[in-house]
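Data first, discussion second: the structure below is written as structure tokens.
Convention: sequence-line order gives letters A, B, ...; per-chain numbering from 1.
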Amino acid sequence: MTTVAQPRIDHVDTAQDQIVVFDHVSIGFDGKPVLDDISFRVHRGENRIIIGPAGVGKSVLLKLTNGLLKPDAGTISLFGHNLGEMKQRDLFTLRGDVGTVFQEGALFDSLTVRDNVGFRLAEEHVPDDEIDRRVTEALRFVELEHTLYQFPSELSGGMRRRVAIARAIVTNPKLLLYDSPTGGLDPITSTTIVELIIKQRDASHTTSLLVTHRLQDAFMLATHRYSHDCKCIEPLPEGETDPNTTFLVLNDGHIVFDGNTHDLVHSDDPFIRQYLQ
Amino acid sequence: MPLATLDTAAKRWVLSVQDYALLTGRALVNLFRRPFYWSDIVLQADSIGIGSLPIVILTGFFTGGVLALNSASTLAQFGATAVTGQLVSLAMIKELGPVLTSLMVSGRNASGMASELGSMMVTEQIDAMRALGTDPLKKLVMPRIVSTVVMLFFLTIVSDAVGILGGAFVSSVMLGQNSSQYFHTAYQSLVYSDVLEGLMKPIAFGFIISTIGCYFGMSTRGGTQGVGRSTTQAVVVASIIIIATDFFITQIFITVFGR
Ligand SMILES: Nc1ncnc2c1ncn2[C@@H]1O[C@H](COP(=O)(O)OP(=O)(O)OP(=O)(O)O)[C@@H](O)[C@H]1O
Ligand SMILES: [Mg+2]
């Protein structure tokens, strides 16, 4: 595999262009360090895949990104705003531009699928018929428009995950955070979900952070694209990888790799070699 | 070693009081901020107020009745059965109406709030709400506080009224006393401060029930078991604080109004 045939989006390092910036971030719980001195940045249009062993702090990293957790040390900036210096109220406003898919979906179990997906729209006092229209559109995207009036408990695990994706993308956020969107699903359902994520990525070029346990998902994201001609997911030509897909590998609280697909597969770091095997 | 555990226990206690104060403060600040969640308040008011009405009516009626039974048998020894109405109405309005209603509502709603918010907490729904840009203190906690305070106020009035009626029923139908005399003494004996005391208490108790219920819900850790723990703790703590607060409010009224 060699990288890049298409021109890569050129990163002029302006603050405008940096969607997420972690600067020497550390966090621990009950005196036990989880993430230690983490620094990385995500540029506009970049799709960052985060991999690492279970319990390393991948979910914590995503929650830090949208300010649900506060770091013990270091600074985190989102869209150029330093989260540590923001008021609670402004944080809630800022999160309006971030779509989050939680590890377990975290759908509101006492609301119907329609009210789950339309939650943010209802909070913004969008008129009811427009909510209906946009919710149906988002559900059609994840191929679940028939579930509008069902409750989350009446759906299968894979369907719930797709509803969670619909809820995250319904407002066209500028940043998407996916926490293990395929975790705990069978391979076929996982593939469906990954295809959805690729379709979303190539249709709206949203910047994203995606946590996954499954390396095959990560490589599928790096080597496939959505084709408007056949309206399907197709592999990139042999040897090419998606230029905007980059990786962050965590181990033991530290970043052990930060770079593109090519460098990842050619890395000679013993941990990464073992992990990729 | 015991000293060290005492130390951490004290620290943890101070921390939870601080968290409780923070949660309450933030939720109250939201009273004055847009958007105002009218529909959530109405929804909660319906479940707390209308939902609790049957149990409040039943407890009120039987409490008034048992007060009349007890006081009539004691008063008969002094030939003073005529003041049964006074005893029942004073006891109902100043103490038993507010306290018993609050304890019933606490058992029903402090637990309900703790378990509902607790399950949302352990399934990350609270985090999801925050991630969607909505402050759960505004959307979930504030409406519960407002509607509990308002509804408990009216529930207490209902309970007082039904209790006095229950006393009237017992004293006139079962004990054969004169019912117009009962109502006359019941009404005559009341002064302004009694009514004020009886209406202040449910406001304080409603606040205690809702904030304690929400606090235990929002601080739930550790899965389904944690939800169960929060629920029990919420009811126990709310009940104890209600009874203790009742003592202090009564003491203050005695100091200020002399009765
Ligand atoms: N709210 C919390 N309180 C205490 N400890 C926490 C909390 N959240 C996470 N942790 C701890 O932080 C560590 C990292 O957790 P995290 O959920 O981020 O792991 P992860 O990398 O997402 O794992 P997985 O791949 O299994 O999802 C774990 O050891 C966990 O116990
Ligand atoms: Mg995780």
Do A:Arg161's NZ or CZ and the ring of A:Tyr178 fall within the cation-pi criteria of under 6.0 Å and 45°? no
Row check, B:Tyr37 ring normal vs B:Lys138 NZ/CZ: under 6.0 Å, within 45°: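 B:Lys138 over B:Tyr37 ring: no.
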Between [Y] and [X], do the side chains contain a donor N or O and an acceptor N or O under 3.5 Å apart?
X	Y	answer
A:Gln150	A:Thr112	no
A:Thr182	A:Asp217	yes
A:Thr189	A:Asp186	yes

Backbone of B:Phe207 reached by a side-chain donor or acceptor of B:Thr211 within 3.5 Å: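 Answer holds: yes.
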Among [options], which residue forms the greatest number of heavy-atom pairs with chain B at distances under 4.5 Å?
options	answer
A:Lys63, A:Arg89, A:Gln103, A:His125	A:Arg89
A:Arg167, A:Glu104, A:Gln88	A:Arg167
A:Leu68, A:Asn66, A:Val98	A:Leu68

Less than 4.5 Å to any heavy atom of chain A: does that hold for the side chain of B:Met120, its backbone, both, or neither?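 Contact with chain A is through the side chain of B:Met120 alone.
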Below 4.5 Å from any heavy atom of chain B, which atoms of [X] appear? Answer side chain, backbone, both or neither.
X	answer
A:Asp109	both
A:Thr93	neither
A:Phe119	side chain
A:Leu177	neither

